[in-house]
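One structure is given here, and the rest of the page talks about it.
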Amino acid sequence: MSDSSTYAEILREKEIRPSSLRVAVLKYVTEHEVHPTAETVYQALIGSYPSLSRTTVYNTLHLLSTKHILNSLNIEDEQVRYDAKLTPHIHFKCTECLKIFDIVSDSVPEFYKSCSAMLPQDFQAGQTQISIWGKCPECSKKQ
């Protein structure tokens, strides 16, 4: 999905005016599956948009997450990361190289349902995020 008009249409469907900056932010997060922070997005786009401000990036990412176009990911204490993959999956953060990986499996949606089923009566899950920390295969080989 690299055509900017596709991203503009996604924004329109959610009743968001598709400015060139909003399209650029959405495109970057979608096409760079590194779970970027707002600062990462800002640094990546500032060369193409010299008038871009950090505030614009933060506000755009917040808007896109509140409209459920992106997920905000709280896998670190000090930073929010963003993810364009909206289907149920698990995040794995390597404690050595600090990369974040998406773990996708056919059993993940059922696991999410079972997590919701564990809630006490009258509790309703709105969103489920499951994160695991450890060593990725590459870092595990280094020992």
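Thr95 places a side-chain N or O within donor-acceptor distance of the main-chain N or O of Gly134, the cut-off being under 3.5 Å. A distance-only check finds a donor-acceptor pair linking the side chain of Gln129 to the backbone of Ser72 [under 3.5 Å]. Side chain of Thr30 to main chain of Lys27: no donor-acceptor pair is present (N/O by atom type, distance under 3.5 Å, no hydrogens or angles).
The number of heavy-atom neighbours closer than 6.0 Å to CD of Gln79, taken from other residues, nucleotides and ligands shown, is above 12. Around CD of Gln121, the count of heavy atoms belonging to other residues, nucleotides or ligands within 6.0 Å does not exceed 12.
Listed by first and then second residue, the salt bridge (Lys or Arg N to Asp or Glu O under 4.0 Å) pairs that reach into residues 41-50 come to none, sequence neighbours excluded. Annotation: ring pair (Phe, Tyr, Trp, His ring centres under 6.0 Å) contacts involving residues 23-55, sequence neighbours excluded, comprise Tyr28-His32, His35-His91.
Grouped with Phe123 in one hydrophobic cluster are Leu119, the linkage being side-chain heavy-atom contacts under 4.5 Å among Ile, Leu, Val, Met, Phe, Trp and Tyr residues. Under a 4.5 Å side-chain heavy-atom cut-off, the cluster of Ile, Leu, Val, Met, Phe, Trp and Tyr residues that includes Trp133 is completed by Leu73, Ile75, Ile100.
The shortest side-chain heavy-atom distance between Val80 and Thr37 does not fall under the 4.5 Å cut-off.
The side chain to side chain donor-acceptor pair (under 3.5 Å) check on Gln43 picks up Glu39, with sequence neighbours excluded. Lys85 meets the side-chain contact (heavy atoms from CB on, under 4.5 Å) test with Asp83, Thr87, His89, Asp102, Val104; sequence neighbours excluded. Residues passing the side-chain contact (heavy atoms from CB on, under 4.5 Å) test with Cys115, sequence neighbours excluded: Phe111, Met118, Ile130. For the side-chain contact (heavy atoms from CB on, under 4.5 Å) test, residues two or more places apart in sequence or in another chain that qualify with Glu110 are Lys113. Among residues two or more places apart in sequence or in another chain, the side chain to side chain donor-acceptor pair (under 3.5 Å) test is passed with Ser53 by Thr56. Listed by chain and residue number, Asp3 satisfy the side chain to side chain donor-acceptor pair (under 3.5 Å) test with Ser5 (two or more places apart in sequence, or in another chain). In this view, Ser105 and Ser107 satisfy the side chain to side chain donor-acceptor pair (under 3.5 Å) rule, not counting sequence neighbours.
Between the NZ atom of Lys99 and the SG atom of Cys94 there is a distance of 8.5 Å, given to the nearest 0.5 Å. In this structure, CD1 in Ile103 is found 7.0 Å from CD1 in Ile132, a value given to the nearest 0.5 Å. Taking NZ of Lys142 as the start and SG of Cys136 as the end, the distance is 7.0 Å to the nearest 0.5 Å. Interatomic distance, CZ of Arg81 versus CG of Leu61, reported as 12.5 Å (0.5 Å rounding).
Taking all atoms of both residues into account, the shortest heavy-atom contact from Ser116 to Thr128 is OG-OG1, 4.3 Å.
Placement of Val23 and Tyr58 in two distinct hydrophobic clusters is found when ILVMFWY residues are connected by side-chain heavy-atom separations under 4.5 Å, directly or transitively. Under a hydrophobic clustering in which Ile, Leu, Val, Met, Phe, Trp and Tyr are joined whenever their side-chain heavy atoms come within less than 4.5 Å, directly or via other members, Val34 and Phe101 fall into different clusters.
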Could you check Leu45 against Val41 for side-chain contact (heavy atoms from CB on, under 4.5 Å), going step by step and ending with a plain yes or no? CA-CA 6 Å; Leu45 298 179; Val41 175; 3.7 Å; yes

Compile the donor-acceptor pairs under 3.5 Å between side chains in residues 13-22 and protein atoms, sequence neighbours left out, one pair per line.
residue : atom : partner : partner atom : Å
Lys14   : NZ   : Lys67   : O            : 3.4
Ser19   : OG   : Arg22   : N            : 3.2
Arg22   : NH1  : Arg17   : O            : 2.9

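Residue Leu64 forms a side chain to side chain contact (heavy atoms under 4.5 Å, CB included) with just one option from Val29, Asn71, Ile69, and that option is Ile69.
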